[in-house]
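Since the structure comes first, as structure tokens, the remarks are kept for the end.
The first residue of the sequence shown is numbered 1, and numbering continues consecutively from there.
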Amino acid sequence: MNHPSFARFRFTFLFYLSLLFLFFNFLFRLSLPFFFPENLPFSGNFFLGLGIGAINDIFALFFILILPFFCIFLPKDSFFSSTLGKIYSFILVFIFSLIFIFTSFSEYFFWEEFSSRFNFIAVDYLVYTTEVIQNIIESYPLAGLLSSVFVLSVLVSYFVWKKLQKKLSVIEIQNKTSFWKRFAHICCYCLVVTASYFVFSPLSLSSNRYWIEFADNGVYQLFSAFIHNELDYRKFYKTMDTEKAFALLNTDLNVQAPLAHTNYRQVINSSINIDTQEKNTVQSSLQKPNVVLVIIESLGSYKYQEQMITLNALAKESLYFPNMKSTGTRTVRGIEAIMLSIPPTPGNSIVRRDDNDNLYNLSTPLKKQGYDLSFIYGGIGFFDNMNAFFSGIGFNIHDKLEFDSNNKTFSNAWGQCDGDAYKESIRLADKSFANNTPFMQVILTTSNHRPFTFPENTINLPQGSREAAVRYTDYAIGEFLKEAKTKKWFDNTIFVFIADHPSSVAGKNSVPHEAYGIMSMIYAPKLVKPQQIDLLCNQIDLAPTLLALMGVDYTSPFFGKNILTMKKEEERAFISTYQLLGLETPSYLTILSPNSGVESIQLDKNATEEQKQKDIEKTIAYYQTAYDLFSQNLLKEDKVTITK
């Protein structure tokens, strides 16, 4: 009788693991339209997506099996027939079954939150485990979910293991495979995986982002995001001649560049009588005004309006920008845009990159005038490299660990509540005022984030929902301003309330421009005249606008524009996802993608082909030069001549 060899047993082992991986991916993909019909309505794309998804799963499988291949082909033949070998084989099956099943459960909740398969956000979550795990514990019935995953993994593992043991029982021990033959199998497999990486890439489906995500493989996307967390713009994206790119940029910004390949521009605000400008905004007093810049977590301008009681009222008393867009979907993108006035570059935000210290930013001209600079954050600023970034540009750090003990009344997974952060702001402002020193504070809030919990007896909504978190966020701002108005420094202080990004960015386009709107206003009843400016604008425009209001002269590498003097034909917003870089104008949404892709989506039916080409060139020019200036260290403070 011819008995199967151990090599065949090993390949059977891998075959069963492959079936498990493909089965659970198929099951997950099959369930998505039933759980999320608003994103994935049943259509022909469903069947096409299942087919393309299966191909992508097989492609991902090459990489998934690397570790099992080593684990199965390294031990000797006789080892698998021993008691220890049987235990070993069961543990292997159990571990990979657990991983596959746990991944399926995780992807469901990830889709529920982000309408996407795993991406760079999941990579961040793996890096910052403390905050994320605590957040998950507070947001989901974790004990029940993990128990279900464990029990299901045991049952599946036992079924597969019994099949393998049946296979093993008919193998003769004398059919041995030499070490070198087993090693050769491993080497051949590694060569196949390496070759597949270079000759094949995941297939896409339609132009609808949801169906593209449907057909993707989440595990492959996770590792791809980890590997490509920073992208070389010039390697992956459409480029143009460098001279032309800077010429277009400087023309658009009205810059007479003193140096080649820069966008440094001198801005003189102190001699401008803002009362005579078209926007009729009142300039601040000659005394150096204080700045309190509040970056609000996840506060879009279109959702949950009924919960924004304070902010809606405040907008009528402020310089209000109802059509401001965020540059991205992460907090670090908002910080980057607001502080550096730069469009997003592909991959990681500059906030999280190396060599991001001493960058020219909103606070640079104020630092030269002796301002106290404070970054106030209810969480622990190690997250997303925020402490390192802000300290690197001259701020004193006051995160949760530095809060005064009297200002720690309530915390959850993400840190102290907004009310505690505002109390810390009041304390530090009083201290600066007592020292007769102007101050700039950047406050980053946390309460409008899962698990959506906040102090009891503050609002009349139950814990745990986004609506309630928005209401508390709004309530805390009201209490903050009520306290600030009792202070002597209030009349000479400019308050900026601006969101880092909307609560969710979802839509049919790959870059759903309509979903990037954020709450944004500048409030200073003694310094700034209330007005609503309806122009399409961007977070990168805040720095030049605020410095204009303050009458500060400066020379900067800012890419943003002063909204107070912006013309109708200059309306635009830079918006992005992890890899897609967009420019929205009233006429077109232009999207740059890796592999030099360019897509134009017409927004105005009367838009011309000439306008389309201009928008494409402008999009490339801005993103290319932003990448070049940062990568060449030309955004550093010492590279810019600062006007005294």
Working for side-chain contact (heavy atoms from CB on, under 4.5 Å), residues V442 and V292: CA-CA 6 Å; V442 176; V292 177; over 6 Å; no
Residues T331 and E297: side-chain donor-acceptor under 3.5 angstrom: yes
Closest heavy-atom pair and its distance - M339, I393: CE-CD1, 4.3 Å
With sequence neighbours excluded, residues passing salt bridge (Lys or Arg N to Asp or Glu O under 4.0 Å) with D491: none
Heavy-atom closest contact (V552 atom, P365 atom, distance): CG1-CB, 3.8 Å
Sub-4.5 Å side-chain heavy-atom contact between K639 and L635: no
Note, L564 side chain near L549 side chain (heavy atom, < 4.5 Å): yes
Side-chain (E213) to main-chain (S116) donor-acceptor, under 3.5 angstrom: no
Atom pair OG1 (T446) and CZ (F383), whose distance is rounded to the nearest 0.5 Å: 11.5 Å
Electrostatic pair D372:K431 at N-O distance under 4.0 angstrom: no
Criterion side-chain contact (heavy atoms from CB on, under 4.5 Å) on H501 and R333, from CA distance to verdict: CA-CA 8 Å; H501 57 81; R333 282 297 184 201; over 6 Å; no
Electrostatic pair R330:D384 at N-O distance under 4.0 angstrom: yes
Parallel, tilted or perpendicular: rings of Y622 and F559 (30°, 60°): tilted
Which atom of F454 lies closest to which atom of A469, heavy atoms considered: CE2-N, 4.2 Å
Distance (rounded to the nearest 0.5 Å) between I540 CD1 and T545 OG1: 10.0 Å
Q369 backbone acceptor or donor facing K288 side chain under 3.5 Å: yes
Mutual orientation of the aromatic rings belonging to Y210 and W111 [parallel < 30°, tilted 30-60°, perpendicular > 60°]: tilted
Aromatic ring pairing F497/F495, orientation class (parallel under 30°, perpendicular over 60°, tilted between): parallel
Any side-chain heavy-atom pair of D357 and F389 under 4.5 Å: no
Between N396 and S374, a side-chain donor and acceptor under 3.5 Å: no
Separation between CD1 of I563 and CD of E571, rounded to the nearest 0.5 Å: 11.0 Å
side-chain hydrogen bond (donor to acceptor under 3.5 Å, both in side chains) between D399 and N387, worked out: CA-CA 8 Å; D399 67 1; N387 279 359; 3.0 Å; yes
Residues L299, M308; criterion side-chain contact (heavy atoms from CB on, under 4.5 Å); working and verdict: CA-CA 10 Å; L299 197 65; M308 302 181 198; 3.5 Å; yes
Side chain proximity check, Q305 to N312, heavy atoms < 4.5 angstrom: yes
From CG (L589) to OG1 (T585), nearest 0.5 Å: 8.5 Å
Worked verdict on T364 versus N361 for side-chain hydrogen bond (donor to acceptor under 3.5 Å, both in side chains): CA-CA 5 Å; T364 300; N361 68 93; 3.2 Å; yes
Pairwise side-chain contact, Y523 with L481, heavy-atom cut-off 4.5 Å (strictly under): yes
Electrostatic pair K487-D430, nearest N-O below 4.0 angstrom: yes
Salt bridge K423-E483, side-chain N to carboxylate O under 4.0 Å: no
Interatomic spacing from OH in Y627 to CG in L581 - rounded to 0.5 Å: 12.0 Å
4.5 Å side-chain heavy-atom contact, I494 and L527: yes
Listed partners of E317 passing salt bridge (Lys or Arg N to Asp or Glu O under 4.0 Å), at least two apart: none
D252/K561 ion pair, N-O < 4.0 Å: yes
Spacing of I518 atom CD1 and K325 atom NZ [to the nearest 0.5 Å]: 10.0 Å
Derivation of the side-chain hydrogen bond (donor to acceptor under 3.5 Å, both in side chains) call for S349 and E336: CA-CA 7 Å; S349 163; E336 171 189 85; 3.2 Å; yes
Flag, side chain of Q539 to backbone of A499, donor-acceptor distance under 3.5 Å: yes
Expected output: side-chain S363 to main-chain L366 donor-acceptor under 3.5 Å: no
ring-ring contact (aromatic ring centres under 6.0 Å, His included) partner of Y623, chosen from Y237, F574, Y233: F574
Candidate pair S318 and I522, rule side-chain contact (heavy atoms from CB on, under 4.5 Å), full reasoning: CA-CA 6 Å; S318 304; I522 297 175; 5.8 Å; no
Student check: side-chain heavy atoms of L359 and I350 closer than 4.5 Å: yes
Under 3.5 Å: donor-acceptor pair, side chain of N263, backbone of F558: yes
Nearest heavy atoms of N385 and R353, plus distance in Å: ND2-O, 4.2 Å
Minimal non-hydrogen separation, M324 against I498, with atom names: SD-CD1, 3.6 Å
Whether Y554 side chain and L362 backbone form a donor-acceptor pair below 3.5 Å: no
Option passing side chain to side chain contact (heavy atoms under 4.5 Å, CB included) with S447 (candidates F410, Y475, W414, Y472): Y472
Pair D541 + R572, salt bridge at N-O below 4.0 Å: yes
Test item: Y377 and K400 side chains (from C-beta on) under 4.5 Å apart, heavy atoms: no
N/O donor-acceptor pair under 3.5 Å between N407 side chain and D404 backbone: no
Shortest non-hydrogen contact between S326 and D500, atoms and distance: CB-O, 3.8 Å
D418 side chain to T445 backbone, donor-acceptor under 3.5 Å: no
N/O donor-acceptor pair under 3.5 Å between D474 side chain and I309 backbone: yes
Donor on one side chain, acceptor on other, R471 and T458, under 3.5 Å: no
Exam field: side chain N448 to backbone S298, donor-acceptor pair closer than 3.5 Å: yes
Aromatic ring proximity F395/Y371, centre distance under 6.0 Å: no
